[in-house]
Amino acid sequence: MLLEDAARGRNNNLNIIRFSAAVLVIYCHAYPLGNGSLDVLGRATENQMHFGNLAVCVFFFFGGFLISRSTEGSKNGLIFFKARCVRIFPCLALVVCLSAFVLGSCMSIYPPMEYFKNIQTYQYLLNTFFILKHNLPGVFEQNMLSTVNGSLWTLPVEFLCYIVCWCVYRTGWLREKRFRYTIPLFFAGYICLRFLFRELELLQTALRPCGMFYMGMAYYTYRSYIKLKYYYAGICIVGLVISSYIGALEYGVLLFLPYILVYIGFGMKGIGCQFGRNYELSYGMYLCAFPIQQTIVALFGGRMLPIWNFLFSVPFVLLAGFLLNIFVEKPLRRYLDSHG
C-alpha cells in the first residue's frame, strides 16, 4: 500500500496519535516540575531525547505533512493563513488571559492589588503574539521552575514553519522534481546548524522540530513512492535503537522516526480510526497542561513525585481540552467553514 492511497480521507490514526503525544507531554513535564528529574526515555537515552521531545516531533512531523496538503487546497495565502490563525490564536489568547488574570492572581504570593499593578502581569499577554514571557509576579516561585507555561515556545516555531511551507509551495519547490534538490541542502544545513548552535540550548531545542516539519513536507511530496510495510517500520525501530546506543539519536530521529509515524498513522488501519472524531483535544491539552501541572505542584508544597503529578493532572487537562474544543475550536471551525 502506498502512502498516497492510505492518506486519503479520514480513515487514519492521527487523532489518537496526537492525543497520545499530548499525554506524553504531561508525563514528561511531571518529572522536571515534580522533582527536577528526567523521565524514563530521557534516562534510557542518556538525555538524547525525552518523551516531551518525542511528542513535539510527532506534532511537527504530521504538521509538515498536513500543512503541505493544505497549501494545495488553499486558493490563496489569505485563506491559508486565516485557517492557521483561527486554529492557533483564539485558544492561545484565552489560555494566556486566564493564566494572567485568574490563575496568576490566585497563585501569586502578592495580594491582588499589588499583583495587578505589576507590569509583568500585562507583559505576559505578549505570549498571545508569540513574544515569549515565561513568568508572572510571585507565581510558582516555590516550585522547581517558576515558568507558567513552558510549552508555548513551540508555537512561534510552528508558525514560522507554516510560513516557510507556504513560500516553498508558492515558489514551486514542493513539486517532486524540484524538492529533491532541497534534501542535500537540508541535511548539510542541519548538521552545520547543530554544530553552530551547540552552545545555544534554546536554538538546539528548536532545530529538531523544524527538521521533523521538513520531513513531513518531504513525505507528503513523495507520498506516491512510499510503500507502507510493517517490516520497513521494524527496520526503522532498530535504526532508532542503534542510533541511540551510539549517541546519534539526534540524526536517527530524522531518518527513522518519520516512517514509523506514517506507518502507525496511515498504515495500521482500524487501530484508532474512530478516536476523536467528535472531539479533538490535543491542542487544548497541550496549551493547558503546563500551568495545570504547575498549579498542582504548588498545591503540594512545590515538590511531588512525578507519577502523582501526572495522575492528578491528566483529568484536569482532559477537561480543559474538552472545554476549549467545545466552546472555542468547534464554533470557530464552523465559522471558517461557512465563510470560506
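Just so we're clear, the structure is a prediction, and the values are computed from it rather than from any experiment.
In summary, the aromatic rings of F312 and F300 are positioned with their centroids under 6.0 Å apart. Ring-centre distance between F187 and Y251: not below the 6.0 Å cut-off. Between F59 and Y286, the distance separating the two ring centers is shorter than 6.0 angstrom.
Geometric assessment of R223 against the ring of Y220 yields a positive cation-pi assignment under the 6.0 Å and 45° thresholds. Within the cation-pi definition used here (under 6.0 Å to the ring centroid, within 45° of the axis), K330 qualifies as a partner of Y279.
In this structure, H29 and F51 have side chains that are not in contact, with every pair of non-hydrogen atoms separated by 4.5 Å or more. Residues F310 and Y31 have side chains not in contact (no heavy-atom distance under 4.5 Å, counting atoms from C-beta outward). In this structure, the side chains of C288 and F316 stay at 4.5 Å or more apart for every pair of heavy atoms.
The shortest heavy-atom contact between L33 and V297 is O-CG1, 3.6 Å. Here the shortest heavy-atom pairing between F62 and I17 reads CE1-CG2, 3.8 Å.
Ring geometry, Y181 versus W173: the interplanar angle exceeds 60°, so the pair is classed perpendicular (tilted spans 30 to 60°). The aromatic rings of F65 and F266 are tilted relative to each other, their planes meeting at an angle between 30° and 60°.
Other residues, nucleotides and ligands place no more than 12 heavy atoms under 6.0 Å from the CD atom of E46. More than 12 heavy atoms of other shown residues, nucleotides or ligands fall within 6.0 angstrom of atom CZ in R303.
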*Assess whether side chain to side chain donor-acceptor pair (under 3.5 Å) is satisfied between Q294 and N143, documenting all intermediate values.*
CA-CA 8 Å; Q294 281 282 59; N143 288 9; 3.0 Å; yes
*Decide side chain to side chain donor-acceptor pair (under 3.5 Å) for Q120 and Y124; before the verdict, give the C-alpha distance in whole Å, the side-chain angles of both, and the deciding distance to 0.1 Å.*
CA-CA 6 Å; Q120 193 178 27; Y124 187 81; over 6 Å; no
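Only one option out of Y283, F129, F130 pairs with F89 in a ring-ring contact (aromatic ring centres under 6.0 Å, His included); it is F130. The one candidate from F61, Y190, F186 that meets the ring-ring contact (aromatic ring centres under 6.0 Å, His included) condition with Y214 is F186.
Checked by atom type and distance alone, the side chain of Y110 never pairs as donor or acceptor with a backbone atom of F116 at under 3.5 Å.
For the pair E280 and R87, the salt-bridge criterion is met [side-chain N within less than 4.0 Å of a carboxylate O].
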